[in-house]
Chemist: 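Got a structure for you, questions after.
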Amino acid sequence: MSNTVGHSILHKTLVFHTVTEYQSKINSSGIPAKTLFQAVSVKQAQAQIGKFLISTNFCGNKFKVRKPKLAMGTRRPISVVPHAVLTTDPASELSGKFNLDQNIELQVSVSAPAPGAMKQVDIQVSNSSDSLILHWGVIQDKNGKWVLPSRRPDGTKVYKNRALRTPFPRSGSGSFLKIEIDDPAIQAIEFLIVDEAQNKWFKNNGENFHVKLPVKENKILDVSAPEDLVQIQAYIRWERKGKQMYTPEQEKVEYEAARIELLEQISRGASIQDLRAKLTKESNATEVKESSVSETKRIPDDLVQIQAYIRWEKAGKPNYSSNQQLREFEEARKDLLVELEKGTSIDKIRKKITKGEIQSKVAEQSKTKKYLSVERIQRKKRDLKQLLSRHVAKDVVEKNLVTPKVSTIIEQYGKAKEEQYDSLVLNKIIYKLSDYQLLVLVTKRSGKTKVHLATDFKKPVTVHWALSKTKAGEWLAPPQSALPPGSVAVNGAVQTQLKSSSPDSAFEVQSLDIEFEEDSYKGIPFVLLSDGNWIKNKGSDFYIEFGSGLKKAQKDVGDGNGTAKVLLDKIAGMESEAQKSFMHRFNIAADLIDQAKDAGELGLAAILVWMRFMATRQLIWNKNYNVKPREISKAQDRLTDLIQNVYTNNPQYRELLRMVLSTVGRGGEGDVGQRIRDEILVIQRKNDCKGGMMEEWHQKLHNNTSPDDVIICQALIDYIKSDFDIGVYWKTLNDNGITKERLLSYDRAIHSEPKFRRDQKDGLLRDLGNYMRTLKAVHSGADLESAISNCMGYRAEGQGFMVGVQINPVSGLPSGFPELLQFVLEHIEDKNVEALLEGLLEARQELRLLLFKPQNRLKDILFLDIALDSAVRTAVERGYEQLNNAGPVKIMYFISLVLENLALSSDDNEDLIYCLKEWDLALSMSKSKDNHWSLYAKSVLDRTRLALTNKAEWYQKILQPSAEYLGSLLGVDRWAVDIFTEEIIRAGSAASLSSLLNRLDPVLRKTANLGSWQVISPVEAVGYVEVVDELLTVQNKLYERPTILIAKSVKGEEEIPDGTVAVLTPDMPDVLSHVSVRARNSKVCFATCFDRNVLADLQAYKGKLLRLKPTSADVVYREVKEGELVGDKITHSKEDGSVPSISLIRKQFSGRYAISSEEFNSEMVGAKSRNISYLKGKVPSWIGIPTSVAIPFGVFENVLSDHSNQAVAEQLEILKKRLVNGDLSVLGRIRETILQLTAPSQLVQELQMKMKRSGMPWPGDEGEERWGQAWTAIKKVWGSKWNERAYFSTRKVKLDHDYLSMAVLVQEVVNADYAFVIHTINPSSGDSSEIYAEVVKGLGETLVGAYPGRALSFVCKKHDLNSPKVLGYPSKPIGLFIRRSIIFRSDSNGEDLEGYAGAGLYDSVPMDEEDKVVLDYSSDPLVIDGGFRQSILSSIARAGHAIEELYGSPQDIEGVIRDGKLYVVQTRPQM
């Protein structure tokens, strides 16, 4: 049955929340804990009771007065034949005759009823067509609104929920229709007659036909019916009529009809006692006092309602059954009768109720609330690892399920025209006209607007056209200057014939150009004439809008790489059909779901992009097609059911599917929180108000929407309605507590006042009015209530005055879940949002397991979860204000809540979950006053930022290419395409989380004494500022003047471009990464800036000359003049020839394919191998040195010269010649060619022998496949001589690349718990008294390679090696781990040369691929165990100091920790 009826039929009882609309905060949710009253004060109840009994909806702690709805049966004006007015005599047989049109006559008669009989209206039309329809409704009260009666003739259909439409059955040469009226409340019937075949309407003198019905005299003058009995009778009527869904107006009429029925029974002699017994079937009905009639009359029902509310509050707001509610109503009446019997007047009783002085006895109801306390819920303790989801979608090669679309002649012609016009496109549309097409392309250039029309019609075509100035579609004669040659003026319009293309043209089309200079025209209406036939656009004139703003012509986005192209082409091909209605669009989407699923995440991304273009009004919603609401609903249900099925069976796509559902919506609403962001863009675009206050408000809405936005929107509406009186704008704001200072206090401040043009008035009032509903929906939690109602269900038995309602709840919901949702709804508008956020997240946690179980109501659970997710985001934005003066602990707690919300919505959330665990640890450390809490929290913040970056990159990769491609195909506005992914990100929890991190970052840096900078290479510099996105993209560039690069992204493996004197970045490369070492060696200033404001200030100096003065913890900068460069010695500008060439000695093959560590020397191997051999036996015994063998210099060249590799050698020579000639693209092909080498048998034999004699495992013992893996690793090391970074590095220092030789150091891999790098002199400060080291979990490749995040870093004074000082905790999300294996390390003769640091340029390759593991530092003893950390870091420092003393010079050392044992795997001089 209708939930609406069930709640609203109780219109005049004590039950506050069961009125009119079922969206009431509690009943819509189906929560049992608070089903009798809503929480309002007595004064509120008393003040509002009069309005409440008429037409209100009570929600939360506010009354909302229902706005009047449009009158029924209204249509657009149509020319009709005037006729006389029909009058009827209610006392007799009623009739009237009218001439409708020529010989068509209408006769209406009304039968006067006998007492209790139904009324009959006969309507007869003579000489009529077969297509007549009666368009009708009935009148029940003075307001004259149409009501739709429940008794209807066969074949009657509801028209737009406003009227009934009944076809006339044929009767001889005419049509006859009988309408029976059984409701005594109906006073009249109104109708129009429609001839559908001719689209002709028959009216009565331009008005509706109005037929009054005879009304029996009301004899019941002094008798009233108790409201509780009226309530029950209304319910019985509703049951009798099939439990249909009523509008609020119908509900009110039904209620009064029930009263009349009871009064008629009373007039026939029935007593109130008999009626009560009959209606309630209560066993104690005979005990009702005879005086109840007079009591009912003496105690006003509004007072009984208030007293009942007070009793319910005193009882603890229990969940009453229907019978208990009835008894409570009677008990409240008795309380008041006691006062009345004491002689208290009704007025005094009213005052005593207001003060709460009426005595009543109520029993305190016991309640079990699993979650609830007075102020906030008690959250369950959960193992966060149970929330882990590792569902990652695999790449899917899209199947060519359909033949790719072939462009038509007009499509190809239109594309060529766009490219030909060096101008801006205002509009472009291609119409399908039977077997032909029509192109309309509107461009603007040099102040002139040009309309180009072209068609592939074979017969001559003439355009009958005009121009529109004030409104769309009007026909105004164009100026003479705009007429093309040969045009003919015809009755305020112009006819111009299209010209055929020349024979040598590439396209056989007819075309026409219309060009004019005046800017006031807004569009062009036209029709076509060909072969004597008028051609229209589906029965209407063509109309092309010139566009409210310019947009660049949509460019071809290529072949759709990175998209499900076949699917997107199919979507584009079906868009014209989808534009007809939502029903068409949803059905087409449903038909494509299987193809999208088969195409993988890119296929579902295609559906998401398409649906979101729809939701943001970039696509046409309805185009000349009428469709019934239930048909749209049916299509929507079909689509969401299919999405539910894909969601159940494909967990790797759930995140995308949630986004699709939020775009489609269960009831068309979707995620209203997202709509706030989308619709403001549409308002700005449609009304040409993109700047000033509207843009500032737009930015505020994107960043932090709040209840203030409702007031701001209302202020704008009031301002516009007042004829743009700015005083009215400020009055609305100030009356509601918003001052100018408050507007300026927002994160995105509103500085400007609104300024609109008069021509914008109507559009802004319309659009802001619609937008207000969206804002109110968000900030009153309306969508959440709807989702709760659909999911939880609601039921009451229908006994007493509590009418029957049933919406079945979803099965299997957790116990106590209703109370939890009740808590959420009670706090949904709280200004202090912390308790609300806890409740929302607890609800999501409780739902989580249900989201993974298949069931037929899964989508209801999904929509509830989506609504909870949206409510979290809205609440967080509302809660920003309370964080303005909050300490770091409060902000950290908010971060953990928002991060939990993001993790619950993500498919692959492992990194997010471990970040969440680390925030919990940081909070615990803070509360326990741990000295390291802020330093640790900073590392967690850095890691969380990395996780958000990865999330954003995933969205960009999956969604943006599809948005670009489909947007181009569909002609979507360029601005909407460009910001597509950005808006997706900004709408989610990730944006809220990023904002919170930005708030916390400076607080943590200040607390941890970190400052705004980490200086990696403290070198003074003067240079011109350049801003780049990635250092990688400019690493091979030569800057002609000294340059300070501000690079947004620095990964760690890049080279520093020539001419660069400084690199500043917000990124976080390790201090010991390749680029950091390169910067120090090249005497280039290199620093990370943590303060976004400082970074923005630096970027503003682009193109200007700056001087940088770094210290160990800060960078001071100022602008300098050109003259200051003269004689300046710190500009580092390099002139041609200033870089000395570094010479290498070519290494020869020694005749040995493998040697043991005892045989290492400078002719055979590089410094890396020799140093590891030197350490053996010389370092303390607690330092382990891995066993090593080597493949010497010259082996690669010898293998290449082997006859078995002749073809490879020849191919390599060809590629190397191309490289010498400047073709850098061959570097990758050279490496691929080297992988084709085969190993000489002697190499295999010697390597096997040396490895076994050294005690190392021989891969071949595990099978040929394992040796194949080892051989591939060796070739990759050799091939790394030609990696891009190494090749450019050698070119930069003019090193002869051919002379560079590569030996291979072979070691057994130590499967490390931790890896470290030591610099025995602090590289940042140059302090030789302290050791600097960095430590990562797992293998050291994450430290020396380009893996994001920071390692744990520490310093240790050499005179106190047992007291390491941690500088920063780790933020690297990934650790590398490996099985027992062999690693092949590069060892070139180019490493550690004077003036050239070749270390780290070439690759070291393990035989087996490393496992990437997402790290959980919250359980890592290096982080949480101070004693363990001190022990490990001290041993690393002692090892560094010992090796430095052994060599007598500063060292750069790499090593690992395994089971507490320290191993050094290599050392070299620190550069």
Side-chain angles (χ1 to χ4, degrees), residues 1074 1077 1142 1144-1150 1152-1176 1185-1200 1231 1234 1243 1246-1247 1250-1251 1254 1256 1270-1283 1285-1287 1289-1290 1295 1297-1310 1317 1340-1341 1344-1345 1382-1394 1396-1407 1443 1447 1451-1455 1463-1471:
H1074 173 81
V1077 174
I1142 298 174
L1144 287 174
I1145 299 174
R1146 188 191 297 270
K1147 299 294 183 179
Q1148 303 297 325
F1149 178 54
S1150 64
R1152 308 276 298 279
Y1153 285 98
I1155 56 176
S1156 62
S1157 60
E1158 293 81 6
E1159 301 171 283
F1160 291 175
N1161 60 59
S1162 60
E1163 294 301 316
M1164 306 276 277
V1165 294
K1168 186 182 296 182
S1169 299
R1170 299 197 306 274
N1171 286 336
I1172 205 70
S1173 175
Y1174 178 75
L1175 289 177
K1176 212 163 190 181
I1185 305 296
T1187 303
S1188 306
V1189 300
I1191 301 173
F1193 292 138
V1195 172
F1196 165 68
E1197 290 78 7
N1198 184 265
V1199 169
L1200 188 62
R1231 297 195 297 272
I1234 290 172
L1243 182 151
E1246 288 192 24
L1247 185 58
K1250 291 295 182 182
M1251 289 180 69
S1254 299
M1256 299 171 65
W1271 177 235
T1272 298
I1274 292 168
K1275 290 184 288 186
K1276 285 182 177 180
V1277 174
W1278 285 336
S1280 68
K1281 173 180 174 179
W1282 284 274
N1283 71 46
R1285 188 183 68 193
Y1287 182 77
S1289 180
T1290 56
L1295 188 148
H1297 193 259
D1298 278 345
Y1299 277 52
L1300 191 137
S1301 296
M1302 186 74 69
V1304 180
L1305 176 63
V1306 185
Q1307 294 178 322
E1308 188 171 1
V1309 174
V1310 178
V1317 174
E1341 182 58 25
V1344 298
I1382 303 295
I1383 188 168
F1384 300 89
R1385 300 183 184 275
S1386 59
D1387 189 23
S1388 76
N1389 63 337
E1391 297 192 32
D1392 309 323
L1393 294 174
E1394 186 69 30
Y1396 174 68
L1401 288 176
Y1402 308 102
D1403 297 341
S1404 294
V1405 184
M1407 188 174 76
I1443 294 173
Y1447 278 95
Q1451 293 292 298
D1452 175 355
I1453 305 162
E1454 294 181 24
Y1463 297 84
V1464 171
V1465 297
Q1466 69 179 59
T1467 184
R1468 55 179 170 257
Q1470 180 178 334
M1471 303 297 288

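The figures here come from the full heavy-atom set of this structure, side chains too, leaving out hydrogens, waters and symmetry mates.
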Chemist: What distance separates Asn1161 CG from Ile1155 CD1, expressed to the nearest 0.5 Å?
Modeler: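 It is 6.5 Å, given to the nearest 0.5 Å.
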Chemist: How many angstroms lie between CD1 in Ile1453 and CG in Leu1175, if you round to the nearest 0.5 Å?
Modeler: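 These two atoms lie 8.0 Å from each other.
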Chemist: Does some side-chain heavy atom of Trp1271 sit less than 4.5 Å from a side-chain heavy atom of Leu1243?
Modeler: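 A side-chain contact exists here, since the closest heavy-atom pair is under 4.5 Å.
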Chemist: To check you understand the geometry: which heavy-atom pair defines the closest contact between Ile1382 and Glu1308, and what is its length?
Modeler: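 Looking at all heavy atoms of both residues, the closest pair is CD1-CA, 4.0 Å.
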Chemist: Any heavy-atom pair between the side chains of Val1306 and Met1256 that's under 4.5 Å?
Modeler: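 Met1256 vs Val1306: side chains touch.
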Chemist: Can you give the donor-acceptor pairs under 3.5 Å from side chains of residues 1185-1197 to other protein atoms, not counting sequence neighbours?
Modeler:
from	atom 1	to	atom 2	distance (Å)
Ser1188	OG	Pro1186	O	3.3
Ser1188	OG	Gln1307	NE2	3.1

Chemist: Do Glu1158 and Ser1173 have side chains that approach each other closer than 4.5 Å (heavy atoms only, starting at C-beta)?
Modeler: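 Glu1158 does not reach Ser1173 side chain to side chain.
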Chemist: Do you know which two heavy atoms are closest between Pro1406 and Ala1273, and how far apart they sit?
Modeler: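 Where Pro1406 meets Ala1273 most closely, the heavy atoms are O-CB, 4.1 Å.
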Chemist: In Å, rounded to the nearest 0.5 Å, how long is the span from NZ of Lys1176 to OG of Ser1157?
Modeler: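 Output value for this atom pair is 4.5 Å.
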Chemist: Between CG of Leu1305 and CD1 of Ile1383, what distance do you get to the nearest 0.5 Å?
Modeler: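 The distance works out to 9.0 Å.
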Chemist: When you look at Leu1247 and Tyr1153, which way does the side chain to side chain contact (heavy atoms under 4.5 Å, CB included) test go after all the steps?
Modeler: CA-CA 7 Å; Leu1247 185 58; Tyr1153 285 98; over 6 Å; no
Chemist: Show the nearest heavy-atom pair for residues Gln1451 and Thr1467, with the distance to one decimal.
Modeler: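 So the minimum-distance heavy-atom pair works out to OE1-OG1, 2.8 Å.
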Chemist: Within 45 degrees of the axis of the six-membered ring of Tyr1299 and under 6.0 Å from its centre: does Arg1146 put its NZ or CZ there?
Modeler: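 Positive - Arg1146 is close enough to the ring of Tyr1299 and near enough to its axis.
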Chemist: Does Glu1454 have any side chain to side chain contact (heavy atoms under 4.5 Å, CB included) partners at least two apart in sequence or in another chain, and if so, which?
Modeler: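 If we apply the side chain to side chain contact (heavy atoms under 4.5 Å, CB included) test to Glu1454, skipping adjacent residues, the hits are Val1317, Val1344, Val1465, Gln1466, Arg1468.
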Chemist: Is the closest side-chain heavy-atom distance between Met1164 and Lys1147 below 4.5 Å?
Modeler: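 A side-chain contact is absent here, since even the closest heavy-atom pair is not under 4.5 Å.
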Chemist: Taking side chain as C-beta onward, heavy atoms only, is Met1302 less than 4.5 Å from Ser1386?
Modeler: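 A side-chain contact exists here, since the closest heavy-atom pair is under 4.5 Å.
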Chemist: Could you tell me whether the side chain of Val1277 reaches within less than 4.5 Å of the side chain of Ile1274, counting heavy atoms only?
Modeler: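 Side chain of Ile1274 against side chain of Val1277, heavy atoms only: no contact under 4.5 Å found.
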Chemist: For Phe1160, does its backbone N or O pair with a side-chain atom of Arg1170 as donor and acceptor, under 3.5 Å?
Modeler: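 No, the answer is negative, given that no donor and acceptor are paired below the 3.5 Å cut-off.
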Chemist: Could you label the plane-to-plane angle of the Tyr1174 and Tyr1447 rings as parallel, tilted or perpendicular, counting under 30° as parallel and over 60° as perpendicular?
Modeler: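 It falls in the tilted class, 30° to 60°.
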Chemist: Given Arg1152 and Glu1159, is the side chain to side chain contact (heavy atoms under 4.5 Å, CB included) satisfied, shown in steps?
Modeler: CA-CA 11 Å; Arg1152 308 276 298 279; Glu1159 301 171 283; 2.3 Å; yes
Chemist: What I'd like to find out is whether the side chain of Lys1281 reaches to under 4.5 Å of the side chain of His1297, using heavy atoms alone.
Modeler: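 They are in side-chain contact.
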Chemist: According to ring-ring contact (aromatic ring centres under 6.0 Å, His included), who are the partners of Tyr1463, at least two apart in sequence or on a separate chain?
Modeler: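 Expected list: none.
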Chemist: Could you tell me whether the side chains of Asp1387 and Tyr1402 share a donor-acceptor contact shorter than 3.5 Å?
Modeler: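 Not at all, the side chains of Asp1387 and Tyr1402 share no donor-acceptor pair under 3.5 Å.
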Chemist: How close do Asn1389 and Ile1145 get, counting heavy atoms only, and between which atoms?
Modeler: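 Looks like ND2-O, 3.5 Å.
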Chemist: Taking all heavy atoms of Ser1156 and all of Lys1250, pick out the closest pair and write down the distance.
Modeler: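 Residues Ser1156 and Lys1250, closest heavy atoms: N-CD, 4.0 Å.
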Chemist: Nearest heavy-atom pair of Ser1404 and Lys1168: which atoms, and what distance?
Modeler: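 Closest approach of Ser1404 to Lys1168, heavy atoms only: OG-NZ, 4.3 Å.
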Chemist: Can any side-chain N or O of Asp1403 pair as donor or acceptor with the backbone N or O of Ser1280 at less than 3.5 Å?
Modeler: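 A pair under 3.5 Å: no.
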